Protein chains: 2
Amino acid sequence: MQGKNISDIIEKYLKEMIAEDERVEISRSDIASHFDVVPSQINYVIKTRFTIQNGYVVESKRGGGGYIRIEKVKLLDNIDILDTLINAIGDGLTQREGKAIINTLVLNDLITDNEADLVLASINKQTLSVGNKLLENEIRANIMVAILDHLRYKS
Amino acid sequence: MQGKNISDIIEKYLKEMIAEDERVEISRSDIASHFDVVPSQINYVIKTRFTIQNGYVVESKRGGGGYIRIEKVKLLDNIDILDTLINAIGDGLTQREGKAIINTLVLNDLITDNEADLVLASINKQTLSVGNKLLENEIRANIMVAILDHLRYKS
DNA sequence: CGTTCTTTGACTAATTCTGACTATAATTAT
DNA sequence: ATAATTATAGTCAGAATTAGTCAAAGAACG
């Protein structure tokens, strides 16, 4: 698993940093030049090895003082149901289906009533009205998946 | 909110002043020379970090004895601010502006940290990515307004 | 062999920094 | 009073500095 290619080496390097600090902020170009690879390879490493499924949350900022921040989060136990729901969503979700999912989340104590109300407001038909049913359902699906992904861990 | 770029440092400095006094009056050129930047950088810092979305109101005066006054507003005292925010949103909202608003809502105890995280996931750039930035910002604006409207009914 | 994973780089996007030019208010000179 | 001068702050566009995307080429794997 280690050392076969440069991506694995960079992965190991970053994970050693995170093992110490739980949260790490890097400069993409610094890491890239340290390992003598093109900067976009850092994006590749992050996209393939620091996913939320693996328990990592990544944020970044461009411009002067820009950074990539990688944080290790603790995944919760209930994630099977989340995977199931995400798979069911696919790339489209109607309002009715969305409401059903939110209901499930409340019943399983994954979100509170108040949180459910906010999510409902977000995925509401009028809120997402965009003159194209297919696109609307796709956006609703994206939002729902983002929320389910967030529920994978505790902040 | 780090210290790698000078704008963040100036932001932090000003917020420390405001933390003490709730309202602060500065001389643009003094601050600029204190941090050794051009004066217009102070405008940049204010425009990007002390907006109404961030919960600040800024007034200024030119000419002799001129100043820039920054004041932190409280949503509780001032429920009109919700309308002001909705107005400011108009028909487009960037991710950055959205984050600022959500942060302000948390600081004013209108939503919890968990609720904020869910809303953040909803309005995230990746989530709303639809290949058209104008449309993306419009959807984000719709979501944010729906949330703010919901909050108004609750209180 | 064909498939999947890795590497590369050209192009894009976001954010910050800078300076020339503009606008406004107070003070001083006529 | 009015005009000229001085002292502030504002705007805007371009340069500089980061990071992101995407697709094609190359390597490894089965």
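Every value quoted in this text rests on a predicted model; they were computed, and no experiment measured them. Reckoned from all heavy atoms, side chains included, excluding hydrogens, waters and symmetry mates. Within every chain, numbering begins at 1; the chains are lettered A, B, ... in the order of the sequence lines, protein sequences first and strands thereafter.
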Interatomic distance where CD1 belongs to Ile31(B) and C1' belongs to dA9(D) [whole Å]: 14 Å
What is the separation between atom CG on Asn5(B) and atom P on dT18(D), rounded to the nearest whole Å? 10 Å
What nucleic acid atoms does Gly66(A) come within less than 4.0 Å of, heavy atoms only: base, sugar-phosphate, or nothing? sugar-phosphate
Taking atom C1' of dC5(C) as reference, at what distance in whole Å does atom CD1 of Ile9(A) sit? 15 Å
dC17(C) OP1/OP2 closer than 4.0 Å to side-chain N/O of Tyr44(B): no
dC17(C) OP1/OP2 closer than 4.0 Å to side-chain N/O of Ser7(B): yes
Between dA14(C) (C1') and Asn124(B) (CG): distance, integer Å: 15 Å
dT24(C), OP1 or OP2 - any side-chain N/O from Arg28(B) closer than 4.0 Å? no
Going by an N to O cut-off under 4.0 Å, is there a salt bridge joining Arg140(B) and Asp91(B)? no
Between CD of Glu59(B) and C1' of dT24(C) the distance, given in whole Å, is 16 Å
Scan Ile42(A) against the nucleic acid and name what it touches under 4.0 Å (heavy atoms): base, sugar-phosphate only, or nothing. nothing
Closest nucleotide among dT7(C), dA14(C), dG20(D) to the Lys133(B) side chain: dA14(C)
Check whether more than 12 heavy atoms from other residues, nucleotides or ligands sit under 6.0 Å from atom NZ of Lys99(A), and answer yes or no. no
Leu107(A) CG: over 12 foreign heavy atoms closer than 6.0 Å: yes
Would the number of heavy atoms belonging to other residues, nucleotides or ligands and lying under 6.0 Å from CG of Asn87(A) be above 12? yes
Classify the side chain of Arg62(A) and the base of dG20(D) as holding, or not holding, a donor-acceptor pair under 3.5 Å. no
Is any side-chain nitrogen or oxygen of Arg96(B) closer than 4.0 Å to OP1 or OP2 of dT16(C)? yes
Does dT16(C) have OP1 or OP2 sitting under 4.0 Å from an N or O in the side chain of Lys61(A)? yes
Does a salt bridge link Asp83(A) with Arg152(A), judged by any charged N lying under 4.0 Å from a carboxylate O? yes
Earlier contact from the 5' end, DNA chain C, for Lys125(B) and Gly63(B): Lys125(B)
Tell me the interatomic distance from Lys4(A), atom NZ, to dC5(C), atom P, rounded to whole angstroms. 13 Å
I'd like to check Arg28(B) versus Ser60(B) (side-chain heavy atoms, cut-off strictly below 4.5 Å). Are they in contact? no
Tell me what Arg69(B) touches on the nucleic acid: a base, only sugar-phosphate, or nothing, going by heavy atoms under 4.0 Å. nothing
Minimum-distance nucleotide to Gln41(A) side chain [options: dT18(C), dA14(C), dT6(C)]: dT6(C)
Quick one: on DNA chain D, does Ser29(B) or Lys47(B) contact a more 5' nucleotide (nearest heavy atom)? Ser29(B)
Atom-pair distance (CZ on Phe35(A); C1' on dT6(C)), nearest Å: 16 Å
Counting only side-chain heavy atoms from C-beta out, which of dT21(D), dT11(D), dA14(C) sits nearest to Asn43(A)? dT21(D)
Atom CD1 of Ile46(A) and atom P of dA19(D): how far apart are they, to the nearest Å? 10 Å
Does Ser40(A) contact dG9(C) through a side-chain donor or acceptor facing the base, at a distance under 3.5 Å? yes
Sugar-phosphate only, base, or nothing, as touched by Gln126(B) at under 4.0 Å among non-hydrogen atoms: sugar-phosphate
